[in-house]
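The first residue of the sequence shown is numbered 1, and numbering continues consecutively from there.
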Amino acid sequence: MHNSSWRRFFTFLTVLFLAGSIWTTHPSAAYAYNNPELLPAEVTPVVDLGKSLNVVQEQNLVQELNDFEKETGWQLRVLTQYDQTPGRAVIKFWGLNDHSILLVADSRGGNILSFAVGDDVYELLPRTFWIELQTRFGNLYFVREKGEDQAIIEALQTVEGCLRQGGCNVVPGLPREQWILTFITSVIGGVICGFAAQPRDEKQIIAWQWALIFSPLWGILFIAFGIGPVVTRTSDWLPLVRNISGFLIGALVAYLSPFINRSSTSET
């Protein structure tokens with residue numbers, strides 16, 4: 001009876017956590033109302049109701065998006081808002097279709113960026129791309145450091161670059177914070193590999209069998225989380241060399257730890 005109560009309690013917590021995760025990660029609809037009076041009389045690819053851009057930035061962005069549409073056929077649109085939103089009126093205003101990408105910047109939320117993407121776009125830029133794009137440029141730390149204007153501009157430049165090259169599975173570029181995470185996972189993978197490879201008897205130099213048994217664990221940490229995000233996002237060799245070095249150093253330290261302990265014990 002006691003175990004059953006605990007099981008129900010943990011099940012409830014799990015369901016509550018999953019529901020909260022879905023609610024926080026699922027962006028609210030970019031247009032829930034219909035207020036066409038907020039839109040300008042002339043059609044322009046940028047509607048800056050939230051005043052996130054200065055005059056020069058807005059003019060340059062308008063020219064850039066118009067040129068990009070003429071060059072590639074992809075329709076990129078920007079809407080910034082704060083207190084009020086034109087809502088569904090932007091669909092008719094811009095004639096949004098399957099070739100359209102709408103970036104909405106709203107500083108009222110935890111992440112200022114959200115995207116409404118046409119079905120044809122997903123063939124080149126999958127849903128995971130848009131989640132990563134939103135997370136990288138729309139988070140509060142990026143906005144606090146570089147501003148809302150740069151969050152909008154850099155996100156659009158990333159989309160344009162990926163569409164010009166025929167699509168991206170991940171967001172190009174490796175921010176320092178993301179690289180640090182890959183480095184940490186590489187080192188942890190090396191430590192696990194080193195501990196697993198420690199000899200179990202005096203005749204053995206390296207316990208290859210144990211290293212292979214634990215290879216799914218250290219392999220995922222090192223290859224999938226340590227190397228994979230680096231090689232898919234940048235061609236720079238330096239982060240890759242650092243992660244490989246971190247893995248080797250972690251493995252060596254973990255492997256030699258019993259010998260170091262023995263030598264220190266014998267000396268005392």
Side-chain angles (χ1 to χ4, degrees), residues 21 25 27 68 71-72 74 76 101 103 111 113-115 117 120-143 145-146 150-197 206-256:
S21 300
T25 58
F68 182 77
E71 174 190 348
T72 64
W74 295 104
L76 272 65
I101 299 170
L103 181 153
N111 192 301
L113 299 182
S114 61
F115 299 90
V117 182
D120 292 345
V121 182
Y122 287 121
E123 297 179 3
L124 301 179
L125 306 174
R127 296 182 186 276
T128 52
F129 172 90
W130 298 103
I131 295 173
E132 184 179 354
L133 186 71
Q134 179 187 33
T135 303
R136 179 179 298 187
F137 296 112
N139 68 82
L140 293 178
Y141 299 102
F142 185 93
V143 174
E145 181 180 353
K146 296 190 175 182
Q150 291 305 311
I152 296 169
I153 293 171
E154 292 191 29
L156 288 172
Q157 289 175 345
T158 300
V159 173
E160 291 176 2
C162 284
L163 289 175
R164 281 194 173 99
Q165 68 183 36
C168 296
N169 289 322
V170 296
V171 178
L174 187 68
R176 178 175 175 79
E177 297 79 10
Q178 190 173 12
W179 170 75
I180 290 175
L181 181 60
T182 64
F183 180 77
I184 292 173
T185 57
S186 298
V187 173
I188 294 175
V191 170
I192 295 173
C193 181
F195 276 122
I206 297 177
W208 292 107
Q209 297 89 340
W210 285 101
L212 291 175
I213 290 173
F214 281 91
S215 61
L217 180 56
W218 61 259
I220 289 174
L221 288 170
F222 175 53
I223 298 175
F225 297 137
I227 300 300
V230 175
V231 298
T232 57
R233 287 168 173 80
T234 179
S235 58
D236 188 4
W237 57 269
L238 186 58
L240 183 62
V241 171
R242 287 174 175 173
N243 285 10
I244 295 174
S245 301
F247 173 83
L248 295 176
I249 292 172
L252 185 62
V253 170
Y255 175 78
L256 295 177

Practice task
Evaluate the side-chain proximity of T135 to W130: yes if any heavy-atom separation is below 4.5 Å, no if none is.
Solution key: no
Exercise for the section: Of all the heavy-atom pairs spanning C168 and P126, show the shortest one and how long it is. Expected result: O-CD, 3.2 Å
Completion exercise
Taken to the nearest 0.5 Å, the spacing of L212 CG from C193 SG works out to 9.0 Å
Handout entry: Within 45° cone and under 6.0 Å: R242 NZ/CZ vs F183 ring
Key = no
Practice task
Please list, chain by chain and in numerical order, all residues satisfying side-chain contact (heavy atoms from CB on, under 4.5 Å) with T234, sequence neighbours excluded.
Solution key: L174, V230, D236
Problem - Donor-acceptor side-chain pairing of N243 and W179 below 3.5 angstrom - result: yes
Handout entry: Within 6.0 angstrom of N169 CG, more than 12 heavy atoms from elsewhere
Key = no
Handout entry: R233 side chain vs P175 backbone, donor-acceptor pair below 3.5 Å
Key = no
Problem - Validation row: L181, F225 side chains within 4.5 angstrom (heavy atoms) - result: no
Exercise for the section: Taking the six-membered ring for Trp and the full ring for Phe, Tyr or His, determine whether the centres of W218 and F247 are under 6.0 Å apart. Expected result: yes
Fill in the blank from the handout: F115 and A155 have their tightest heavy-atom pair at CZ-CB, 4.5 Å
Handout entry: From CZ (F68) to CD1 (I101), nearest 0.5 Å
Key = 7.0 Å
Practice task
Apply side-chain contact (heavy atoms from CB on, under 4.5 Å) to the pair L76 and V159, showing each step before the final yes or no.
Solution key: CA-CA 9 Å; L76 272 65; V159 173; 4.2 Å; yes
Practice task
Report yes if the side chains of L240 and V231 come closer than 4.5 Å at any heavy-atom pair, otherwise no.
Solution key: yes
Exercise for the section: Nearest 0.5 Å please: distance from the CD1 atom of I192 over to the CZ atom of F222. Expected result: 13.0 Å
Fill in the blank from the handout: Rounded to the nearest 0.5 angstrom, the CD-CZ distance for E154 and R136 is 10.0 Å
Exercise for the section: With the side chain counted from C-beta on, respond yes when V143 and N111 share a heavy-atom pair under 4.5 Å apart, and no when they do not. Expected result: no
Practice task
Please round to the nearest 0.5 Å and tell me the distance separating atom OG1 of T158 and atom CG of L125.
Solution key: 10.5 Å
Handout entry: Test item: E132 and R127 side chains (from C-beta on) under 4.5 Å apart, heavy atoms
Key = no
Handout entry: Whether Q134 side chain and L113 backbone form a donor-acceptor pair below 3.5 Å
Key = yes
Practice task
In sequence, state the C-alpha distance, the side-chain angles, and the governing distance for I153 and Q150, and then conclude on side-chain contact (heavy atoms from CB on, under 4.5 Å).
Solution key: CA-CA 5 Å; I153 293 171; Q150 291 305 311; 4.2 Å; yes
Handout entry: Reported CD1-to-CG distance for the pair I188 and L217, which is rounded to 0.5 angstrom
Key = 10.0 Å
